[in-house]
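For reference, the structure is listed below as structure tokens.
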Amino acid sequence: MAATLLDELLRDAQPIWEAMTEHPFLRELATGQLPRERFDFWVQQDYLFVQAGIRFLALLIARAPDEELRRGLLDAAVAFRNELAIFEDYARAHNLTLVVEPTPVCLGYASYLLATAATGSLAEALTVLWGAEKAYYDAWSSVRNTLGLAEPYARWIENWTSPQFAAWVDWLGQQLLRRVTESERPVIRAAFFATARYEYLFWDMVYTRAGWPV
Ligand code: MP5
């Protein structure tokens, strides 16, 4: 498989990617204009998403055929677990409850992750994971370019733009490249597009605070 598959996916999904990294939520966050209620809504929903991410990784660890992939994913699960503390510290400091129901988009995206890990091919599940992590790396890097490491967002910005996080996203991409077969390309492409669209939808959902209509 050509080493350009990742570039190809990013190039073909570029309009979605751009809409995602330039979403008003991120732009307003980067310029200090995002209302606190909208940020708090993201904190509550993303906290649920990261928890689903740990279950997703657990399923993938069980399915990983070799020790290198298992250990890399296990380290990621520990990083996800430590990340939950950032949400909990913020919630405590701002008197924000983290006991909320997932919105349709949060539940849909989390369910998509778990369904892929349970029933998709390994390469398909790695595509979704790489796509989600790359999306956060790019989204928060664009915030960092404008804002630097400013409070109250510094820990989050640092978390998703650190050299360690960049290395993890690259490692994941390499794992995917190593395991994907030519015949899987259409499935990989569909999974990447669905992930990119869910990433866009997630920012949009927290920006508009879109919950259940009934
Ligand atoms: C991530 C996230 C990154 N926290 N939320 C969404 C909607 N997409 C991607 O995953 P992680 O576990 O925080 O690195």
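By convention here, the first residue in the shown sequence is residue 1. Just follow the structure's listing: the first ligand is 1, and inside any ligand the first atom is 1. These figures come from a predicted structure and were not determined experimentally.
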Looking only at protein heavy atoms, identify the closest one to atom 14 (O) of ligand 1 and say how far it is in Å.
-> E133 OE1, 2.8 Å

In Å and rounded to the nearest 0.5 Å, what is the CG to CD distance from L73 to E68?
-> 10.0 Å

Does ligand 1 have an atom that lies less than 4.0 angstrom from a heavy atom of W160?
-> yes

Nearest-neighbour protein heavy atom for atom 13 (O) of ligand 1, which is reported as residue plus atom name and distance | E83 OE2, 2.3 Å

So, N159 and Y136: side-chain donor and acceptor under 3.5 Å apart, yes or no?
-> no

Please work out whether any backbone atom (N, CA, C, O) or any side-chain heavy atom from C-beta onward of F165 is under 4.0 Å from ligand 1, and answer side chain, backbone, both or neither.
-> side chain

With W156 as reference, evaluate W140, F165, F39, Y47 under the ring-ring contact (aromatic ring centres under 6.0 Å, His included) test and give the passing residue.
-> F39

Quick one: does A132 get within less than 4.0 Å of ligand 1, heavy atoms only?
-> yes

Which heavy atom of the protein is the closest neighbour of atom 8 (N) of ligand 1, given with residue, atom name and distance?
-> E199 OE2, 2.6 Å

Around atom 7 (C) of ligand 1, find the nearest protein heavy atom and jot down its residue, atom name and distance.
-> D46 OD1, 3.5 Å

Are any of the N or O atoms of Y109 closer than 3.5 Å to those of ligand 1?
-> no

Quick one: which ligand 1 atoms are inside 4.0 Å of a heavy atom on V50?
-> 4 (N), 13 (O)

Measure the spacing between CG of D46 and CZ of F41 and express it to the nearest 0.5 Å.
-> 12.0 Å

Considering only distance and modelled atom types, tabulate donor-acceptor pairs under 3.5 Å from the side chains of residues 109-116, sequence neighbours left out.
from, atom 1, to, atom 2, distance (Å)
Y109, OH, E199, OE2, 2.6
S111, OG, L107, O, 2.6
T116, OG1, Y112, O, 2.6

Does the R70 side chain pair with the main chain of I61, one donor and one acceptor, at a distance under 3.5 Å?
-> no

Atoms of ligand 1, numbered as shown, that sit under 4.0 Å from any heavy atom of F80 | 11 (P), 12 (O), 14 (O)

Under the ring pair (Phe, Tyr, Trp, His ring centres under 6.0 Å) test, which residues partner Y200, sequence neighbours left out?
-> H23

